[in-house]
J.: 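Take this structure, written in structure tokens, and hold onto it; I'll ask about it next.
Just follow the structure's listing: the first ligand is 1, and inside any ligand the first atom is 1.
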Amino acid sequence: MIKKSIDGVEYFLSKSKYMNGIQCPRLVYKAVNMPDDIPPPDEATRFIFDQGHEVGALAREMFPGGILIKMFPWNSITKRTKDAVNSLAEHIYEAGFLYDETVVLVDVLRRVEGKLFDIIEVKQSTRLKEEHIPDLAIQKYVVEGAGLKVNKTFLMHINKEYVHPGQGELLIMEDCTEEVNDYFPEIKPSLEAMKQACHLDAPPEMEIGPHCSKPRDCALMHECWSDIPKLSIFNIPSYRKKWELYDQGIVLLNDIPDVTALNHNQETFIRSYKMREPVIDKQAIKDELDSLVEPIYFLDFETVNWAVPKHDGMKAYRQMPFQWSIHVMDGGGEPEHKEFLWDNKEDPRKALADSLLDALGDKGTIVMYSSFERTALNNLAEELPEYRDRVDAVIGRLWDLLEIFRKYYIDANFGGNNSIKNVLPVLVPGEGYGNLEIQEGGLASAMFAKMISKEGHEKEKIRNDLLEYCKQDTQAMVDIYRALLEKIE
Ligand code: SF4
């Protein structure tokens, strides 16, 4: 058991470990006793944390004149919090409390009177979620255990209707007092169960289950799911009853009983698996591809969704394109490549829209992969009304390549997920994203956010990585398109 101490008082649990423990005893055991087994957050996750810190700082501005309890020196955080409580400050931020071997930091403590306080938890989500209730309840438990009285508990979260700058409030509060009080009796027994689990000699063996992804994917899935084959019942697209099959001991696709109720797509997926080949409607694909008008543009955006909108007319978490890549095919020969990448903190939208509309001309089909590009274009037109007519004309030329793999080309080797990263290596073996520094959109967003704060060599390196990544996305679409043409010959 790894124990820590604050002001000489030992503890080994925290709010985040309590949340781990609610998800799974094995997870909290590892978080407490074997923290090195839990992979550190990746760059994309760190970007989400950074956005959370920005939201937290904005929340503090809504409760002005308070005392911020700095994290360091950690060893005296409860003592410094106590001093702030005794100082009669109206608001205390990041207040630290320790009770029952558990430490919590409260985002905002709002004094009602004397030692009676409201607890305000700040989240970057756009609504109250189920997991926020135990999060607030454990804070109330520890704060009250440490000698204060809690009046009400609130969640402060992002208002998705807010429009920058200043149309409405960016952060809104929800009173969760009733829900937290209803949950409160569960705290003591669940803490006791977690403590027992953490005192075991070895991590408890746990069966996998829906809890592995609730409220989020567990960081230990690489361990606990290692016996699940690459293709299993968990790959059946949009199949809601997989845990019912699992509980009957069925994991392999070959073992699914014939009587299992499946929709057309799910049945076709299983058929493809059993035949070991794709199920293709060649005529339908031919009809679709014949409808494309040259020049054919293959378009991909990279976007960033700021929790705190940065530019006029933007809403929170609105996907803001900062980069595009286009491959243009006109007749035979190799497609021409064009690209755009914004690389500073200013508003990219007009420069992006001008360059994009110029590159796309006024005729020819524009191929996208999923409806993401359509949504991004619609958002752009909403935020820049002067571009509405021209953007609408572009939207009218869009054609979604993904629809082929939703309707007419089902291959179990896609793993039940028709993303371009899954489809490309099956249709065009050897091609892919293997050597790229950036391999998915979440990381591209995080790297864009990093790049615009950098200069020199580091900025240039990220720039090149982003250009390579976005270019690969449209090259992948070209490769898939050509592979489809060959398949229907
Ligand atoms: S992967 Fe599932 S079983 Fe394993 S520790 Fe996480 S939640 Fe528990």
Side-chain angles (χ1 to χ4, degrees), residues 1-4 11-46 48-49 52 101-104 123 125 129-138 183 186-253 255-256 415-417 419 421-422 439-440 442-443:
M1 163 70 66
I2 302 173
K3 287 198 175 183
K4 300 174 186 168
Y11 73 97
F12 62 95
L13 290 172
S14 62
K15 187 183 80 167
S16 60
K17 292 192 176 71
Y18 178 80
M19 297 305 289
N20 288 157
I22 289 181
Q23 184 164 5
C24 181
R26 183 179 175 85
L27 179 59
V28 69
Y29 179 96
K30 288 248 176 174
V32 167
N33 295 297
M34 304 162 84
D36 292 345
D37 281 8
I38 297 186
D42 59 18
E43 189 83 45
T45 310
R46 283 202 297 275
I48 294 169
F49 291 164
E101 299 185 283
T102 307
V103 70
V104 299
K123 295 283 185 205
S125 66
K129 296 180 183 168
E130 199 182 328
E131 69 262 25
H132 295 148
I133 301 305
D135 182 311
L136 273 159
I138 185 69
Y183 180 88
E186 291 183 37
I187 294 273
K188 185 81 185 157
S190 56
L191 258 186
E192 285 310 314
M194 283 176 213
K195 287 183 187 177
Q196 278 182 21
C198 290
H199 279 94
L200 294 171
D201 293 333
E205 291 300 330
M206 294 298 299
E207 192 65 66
I208 62 168
H211 62 280
C212 295
S213 305
K214 203 173 161 205
R216 59 191 58 83
D217 283 350
C218 174
L220 294 173
M221 287 176 82
H222 61 287
E223 288 182 1
C224 305
W225 285 64
S226 58
D227 289 342
I228 303 295
K230 194 170 159 225
L231 280 179
S232 71
I233 56 165
F234 295 106
N235 298 97
I236 304 172
S238 308
Y239 184 56
R240 291 175 188 275
K241 296 191 174 172
K242 50 191 177 249
W243 289 111
E244 287 177 25
L245 287 181
Y246 184 79
D247 289 343
Q248 295 166 38
I250 298 165
V251 173
L252 302 177
L253 290 167
D255 295 342
I256 294 178
N417 175 345
S419 78
K421 273 95 180 170
N422 285 18
Q439 305 224 351
E440 52 88 26
L443 182 56

J.: Between Ile208 and Cys224, which heavy-atom pair has the shortest distance, and what is it?
T.: CG2-O, 3.6 Å

J.: Tell me the salt bridge (charged side-chain N to carboxylate O under 4.0 Å, His left out) pairs involving residues 208-226, sequence neighbours left out?
T.: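 Applying salt bridge (charged side-chain N to carboxylate O under 4.0 Å, His left out) to every pair that reaches into residues 208-226, excluding sequence neighbours, yields Arg26-Glu223, Lys30-Glu223, Glu131-Arg216.
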
J.: Restricting to pairs with a member in residues 189-200, which pass salt bridge (charged side-chain N to carboxylate O under 4.0 Å, His left out), not counting sequence neighbours?
T.: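 Counting only pairs at least two positions apart or across chains, the salt bridge (charged side-chain N to carboxylate O under 4.0 Å, His left out) contacts touching residues 189-200 are Asp100-Lys195, Glu101-Lys195, Lys188-Glu192, Glu192-Lys195.
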
J.: Can you list the protein N, O or S atoms less than 2.8 Å from atom 4 (Fe) of ligand 1?
T.: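 Checking every protein N, O and S atom gives Cys224 SG.
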
J.: Testing the basics here: between Pro41 and Arg46, what is the closest heavy-atom pair and its distance to 0.1 Å?
T.: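 Of all heavy-atom pairs spanning Pro41 and Arg46, the closest is O-NH1, 2.9 Å.
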
J.: What side-chain donor-acceptor pairs closer than 3.5 Å can you find for residues 234-241, not counting sequence neighbours?
T.:
residue, atom, partner, partner atom, Å
Asn235, OD1, Ser232, N, 2.8
Asn235, ND2, Gly415, O, 3.1

J.: Can you figure out which of His222, Glu205, Glu207, His211 has its heavy atom closest to atom 7 (S) of ligand 1?
T.: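 Looking at heavy atoms only, His211 sits closest to atom 7 (S) of ligand 1.
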
J.: Over all heavy atoms of both residues, which pair between Tyr183 and Ile133 is shortest? Give the atoms and the distance, please.
T.: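 Minimum heavy-atom contact is CB-CG2, 3.8 Å.
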
